[in-house]
Amino acid sequence: MDDFRLSWRNIWRNKRRSALTILAIVFATALLVFMLSFQLGSYDDMINASVTLDTGHIQIMPTGYHADRKIRNVIDSPDKLLDTVKKLPSVKGAAARAESFCLASSDNRTKGVLISGVHPAQEQTVSRLSSSMKTGEYLATDDDDAAVIGLLLAKRLKLGIGDELTLLGQGRDGSIAAGIVTIKGIFQSGVDEFDRNVIQVPYSYFNDMFYMNHTAHRIVVLLDSLNTIENSRTAIAEQIDTIDTARLEMFTWDTLMPGLKQTINLDLISGFIMYGILIIVVCFSILNTFLMSILERKKEYGVLIAIGTTPLRLIKFVLTESMLMTITGLIIGIGAGTAVTLFFSHHGIGLGEASDMLSQYGISDRLYPKLTLVSLFSGPLLILVFTFLTALIPALKIRTLRPVEAIHSI
């Protein structure tokens with residue numbers, strides 16, 4: 001305990017230098033806590049906006065369908081599977097979909113599209129598409145011949161509300177599948193590829209047109225939180241063991257949307273580079289503080305060694321001083337970073353003019369940092385480790401001191 005008191009008193013021999021060093025640690029720590037929380041919060045917003053458009057958090061498909069979308073590869077009992085999945089406590093919504101590629105033709109234009117048969121009531125529990133209508137309305141019932149299409153596809157085919165669209169494809173039994181639908185709504189999801197290629201029709205119409213015999217290709221599951229994905233996946237696997245587990249497989253959002261996962265990883269890497277630079281600046285501050293301290297106290301160290309103090313104990317004193325300064329800065333920095341993060345996690349950060357653009361992607365006009373154990377402690381822990389290693393460099397210089405030369409130094 002006496003060693004700690006002595007180390008703490010030694011820190012304040014030069015109050016201004018020590019205070020500036022601690023403030024640098026406080027600033028870096030608070031910034032790391034806030035920025036990591038902001039990054040994690042923005043990733044959650046991006047993921048939630050994507051999964052609520054089309055993929056959901058989890059999808060159940062026939063084995064092999066994800067790699068090769070053959071219309072005849074189906075889930076035979078989608079209703080039974082849906083009822084089972086919906087009973088799980090973490091499941092917010094679940095919907096069955098059937099889909100096929102076909103040609104869509106207006107009066108003078110033709111384009112290949114993905115047509116998806118959905119149950120409107122189910123679909124609205126897993127997708128935000130119904131709230132992304134640019135004009136017209138979303139599908140209301142399972143029985144009509146209405147369709148909703150993306151804005152870019154509507155422009156490509158020169159279609160408006162009330163226009164007819166001819167569809168031509170191949171049925172599940174290999175026969176020709178053809179039909180005419182009436183455009184009821186035009187959506188703008190903000191994802192160009194989706195808006196350019198997707199048509200949704202009521203499942204009953206899709207079932208009759210493609211001879212599906214009440215089967216489906218996907219069960220889309222939306223969960224109440226990203227944190228429940230793994231537990232939910234395990235629970236769903238256990239529930240479907242008795243249904244058709246040999247012919248079913250599950251995928252999570254990161255497998256279904258590898259591009260989004262890669263984007264997040266790249267952004268994390270760029271963030272880590274910036275954080276690394278920030279930590280290096282703090283380390284140089286620590287290095288400068290203790291190099292100056294050792295130079296100023298060189299004569300003192302020489303006297304202590306001459307009267308029998310071991311260099312190892314002096315090194316211990318220097319490292320203790322370093323850790324006390326660092327820990328003081330970390331505690332204050334964590335407190336400041338937590339306070340700022342909690343404030344903005346409640347009030348949000350406005351995006352200004354960018355909010356209109358991001359709203360098209362289903363992202364809120366305010367971003368909310370997310371305070372987690374990772375964002376709270378990973379940055380401060382790195383600072384603690386690297387500042388200790390940095391302080392070790394000048395501390396080891398004490399081993400090379402010669403008492404006579406140190407005592408007679410200026």
Side-chain angles (χ1 to χ4, degrees), residues 53-54 65 68-76 78-79 95-220:
L53 172 63
D54 182 50
Y65 184 78
D68 187 5
R69 299 187 184 182
K70 294 180 179 178
I71 190 172
R72 61 180 178 272
N73 190 8
V74 297
I75 301 172
D76 293 322
D79 293 336
R97 293 178 188 160
E99 59 190 23
S100 179
F101 294 99
C102 67
L103 288 176
S105 301
S106 59
D107 290 339
N108 299 311
R109 298 195 175 192
T110 300
K111 189 180 185 306
V113 298
L114 174 67
I115 179 171
S116 181
V118 301
H119 299 278
Q122 292 179 7
E123 192 67 17
Q124 291 181 60
T125 67
V126 300
S127 173
R128 60 178 171 85
L129 196 62
S130 61
S131 62
S132 302
M133 304 307 297
K134 187 73 172 178
T135 57
E137 300 176 348
Y138 189 67
L139 303 173
T141 67
D142 287 334
D143 300 325
D144 57 18
D145 60 353
V148 293
I149 66 174
L151 179 63
L152 296 179
L153 180 59
K155 289 180 178 180
R156 172 70 175 81
L157 298 178
K158 295 186 176 180
L159 292 171
I161 302 300
D163 291 342
E164 292 185 340
L165 181 65
T166 302
L167 304 172
L168 181 65
Q170 183 180 31
R172 183 188 171 201
D173 61 356
S175 62
I176 298 296
I180 298 175
V181 293
T182 302
I183 305 302
K184 184 177 183 180
I186 298 174
F187 57 80
Q188 185 179 19
S189 68
V191 181
D192 289 351
E193 183 179 1
F194 191 83
D195 292 350
R196 189 181 292 115
N197 295 296
V198 174
I199 297 175
Q200 284 192 355
V201 299
Y203 176 82
S204 59
Y205 185 86
F206 187 98
N207 182 70
D208 294 339
M209 177 178 168
F210 289 93
Y211 311 104
M212 292 297 295
N213 195 26
H214 302 287
T215 57
H217 294 113
R218 301 175 187 265
I219 301 293
V220 181

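A heavy-atom distance below 4.5 Å is not found between the side chains of Gln188 and Ser132. At a threshold of 4.5 Å between non-hydrogen side-chain atoms, the residues Glu164 and Thr182 count as touching. Side-chain contact between Ile219 and Pro78 is present, with heavy atoms from C-beta onward closer than 4.5 Å. Within the 4.5 Å cutoff, the side chain of Phe187 has no heavy atoms near those of the Gln200 side chain. Two residues are said to be in side-chain contact when any heavy atoms from C-beta on lie closer than 4.5 Å; Val201 and Ile199 meet this criterion. Under the 4.5 Å side-chain criterion, counting only non-hydrogen atoms from C-beta, Arg97 is not in contact with Tyr203. Using a 4.5 Å heavy-atom cutoff, the side chains of Cys102 and Val113 are in contact. Proximity of Leu114 to Arg69: side-chain heavy atoms (C-beta onward) are separated by under 4.5 Å at one or more points.
Minimum interatomic distance between Gly136 and Ile161 (heavy atoms only, all atoms of both residues): CA-CD1, 3.9 Å. Asp54 and Val220 get closest at one heavy-atom pair: O-CG1, 4.0 Å. The minimum heavy-atom distance linking Ala140 with Lys184 is given by the pair CB-NZ, 3.5 Å. Nearest heavy-atom pair, Tyr211 versus Gly171, reported as atom, atom and distance to 0.1 Å: CD1-CA, 4.2 Å.
Put simply, the side chain of Arg109 gets close to the backbone of Arg156: a donor and an acceptor are under 3.5 Å apart. Between the side chain of His217 and the backbone N or O of Ile71, at least one donor-acceptor pair lies under 3.5 Å. Ser130 places no side-chain N or O within 3.5 Å of a backbone atom of Tyr138 that could act as its donor or acceptor partner. Under the 3.5 Å distance criterion, the side-chain polar atoms of Asp163 are left unmatched by any main-chain donor or acceptor of Ile183.
Separation of atoms CZ (Arg72) and CD (Gln170) is listed at 8.0 Å; rounding is to 0.5 Å. For the atom pair Asn73 CG and Arg172 CZ, the distance stands at 9.5 Å (nearest 0.5 Å). Here CD1 of Ile180 is found 9.0 Å from CG of Leu167. Values are rounded to the nearest 0.5 Å. Taking CG of Asp107 as the reference point, atom CG of Leu165 lies at 10.0 Å (rounded to 0.5 Å). From Phe210, atom CZ reaches atom OG of Ser100 across 4.5 Å, with rounding to the nearest 0.5 Å. Note that OG1 of Thr141 is 12.5 Å distant from NE2 of His119, once rounded to the nearest 0.5 Å.
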Test side-chain contact (heavy atoms from CB on, under 4.5 Å) applied to Asn197 and Glu193, step by step: CA-CA 6 Å; Asn197 295 296; Glu193 183 179 1; 3.7 Å; yes
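Only one option out of Thr135, Asp195, Val148 pairs with Ile186 in a side chain to side chain contact (heavy atoms under 4.5 Å, CB included); it is Thr135.
Dense packing is recorded around NZ of Lys111, with more than 12 heavy atoms of other residues, nucleotides or ligands lying under 6.0 Å away.
At a cut-off of 3.5 Å, with distance as the only test, no side-chain donor of Asn213 or Thr215 sits close to an acceptor on the other residue.
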